[in-house]
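Report on the following structure.
First listed ligand is number 1; within each ligand, the first listed atom is number 1.
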Amino acid sequence: MTGQVLEADGIGVRFGGIRALDGVGLTVRPGEVCGLIGPNGAGKTTLFDVLSGIRRPDRGRVLLDGADITRRSPVWRARHGMRRTFQRQQLFGQLTVADHLVVAQEWRGGGGGLGADLLAAPTRRAYEGRRRERAAAVLRACGLDALAGQYAGALPVGQARMVELARAVADPPGVLLLDEPASGMTGDEKQHLSAVIRHLAGEEGCAILLVEHDVAFVMELCARVVVLDLGRVLAEGTAAEVRADPSVRDAYLGSG
Ligand code: ATP
């Protein structure tokens, strides 16, 4: 999968009387890590829900490589190269780390959509073997190979977060939405996470949008930063531009 262009165009979402998003537009391009920051309740998670197809916007469009995907399901989006991680951890405690990456890969058994159970055993084993090889390569790239056989339920927070990222890229994505991937991580883990994210964008060409409360982490990693406040884009630019913007300092950085 090569990188894709993800666009939000004039997105509006209301929850009763609350305007969670009010005409939000942004673009993330292949090879780019774009940061999305803003105070609590700014609308970051709601925007992620709209981009990944969990929530239909009241107005506006989501575009993938220029095609309107606003009405496409989350599963359709995942099959077409979009992946997302969540703010709250979502691992299966009784699956091993490696198994998370094996089951996350799309079944490519062929046979006109036949499931694994309908394939002859040797064919099934060959496909299974390929998925395990890919899982092992991704775990290596994420520095998780030593944990491959461990149950996910036993992992400390930082490692569990890293497994979530590895699972999201088990099939190489074109677009990656990361919702607070650094939360609960130690300083060393954050540095490692940063390096892996850079690799995914720089070497694999992935378009990455990253929501994160750790502003220093975002500013250091992201070439471009978008600031949301009260459901609107308050500012957008390089880390230095955003830091220097007085409206951002007033609404967000000054208080954080
Ligand atoms: P945080 O940084 O705290 O995660 P956020 O920037 O992700 O915040 P959202 O969770 O998207 O912000 O919330 C945006 C606004 O929409 C807030 O005012 C929130 O209270 C409201 N909101 C979000 N989800 C719902 C919902 N399901 N029902 C009603 N209001 C909601």
At the 4.0 Å heavy-atom cut-off, does G43 count as touching ligand 1?
yes

Hey, which atoms in ligand 1 end up nearer than 4.0 Å to a heavy atom of [X]?
| X | result |
| --- | --- |
| H213 | 2 (O) |
| Q87 | 4 (O) |
| I18 | 18 (O) |
| T46 | 9 (P), 11 (O), 13 (O), 14 (C) |

Judging by distance only, is a nitrogen or oxygen of [X] under 3.5 angstrom from one on ligand 1?
| X | value |
| --- | --- |
| A42 | yes |
| G41 | yes |
| K44 | yes |

I need the L165 CG to L193 CG distance, nearest 0.5 Å.
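Rounded to the nearest 0.5 Å, the CG-CG separation comes out at 6.5 Å.
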
Quick one: does any side-chain atom of [X] pair with a main-chain N or O of [Y] as donor and acceptor, under 3.5 Å?
| X | Y | result |
| --- | --- | --- |
| K44 | L228 | no |
| H192 | D188 | no |
| R232 | G23 | no |

In terms of residue, atom name and distance, what is the protein heavy atom nearest to [atom]?
| atom | result |
| --- | --- |
| atom 21 (C) of ligand 1 | F15 CD1, 3.9 Å |
| atom 16 (O) of ligand 1 | A20 CB, 3.4 Å |
| atom 10 (O) of ligand 1 | T45 CB, 3.9 Å |

Under 4.0 Å from atom 31 (C) of ligand 1, is there at least one protein heavy atom?
yes

Specify whether the nearest protein heavy atom to atom 4 (O) of ligand 1 is under 4.0 angstrom away.
yes

Examine R79 relative to W76 and say whether NZ or CZ is less than 6.0 Å from the centre of the six-membered ring and inside a 45° cone about the ring axis.
no

Identify which one of R88, R161, H213 satisfies the side-chain hydrogen bond (donor to acceptor under 3.5 Å, both in side chains) criterion when paired with S183.
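When side-chain hydrogen bond (donor to acceptor under 3.5 Å, both in side chains) is applied between S183 and each of R88, R161, H213, only R161 qualifies.
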
Of the non-hydrogen atoms in [X] and [Y], which two are nearest, and what is the gap between them?
| X | Y | result |
| --- | --- | --- |
| V50 | V13 | CG2-CG2, 3.7 Å |
| L139 | A148 | CD1-CB, 3.8 Å |
| F86 | E164 | O-OE1, 4.3 Å |

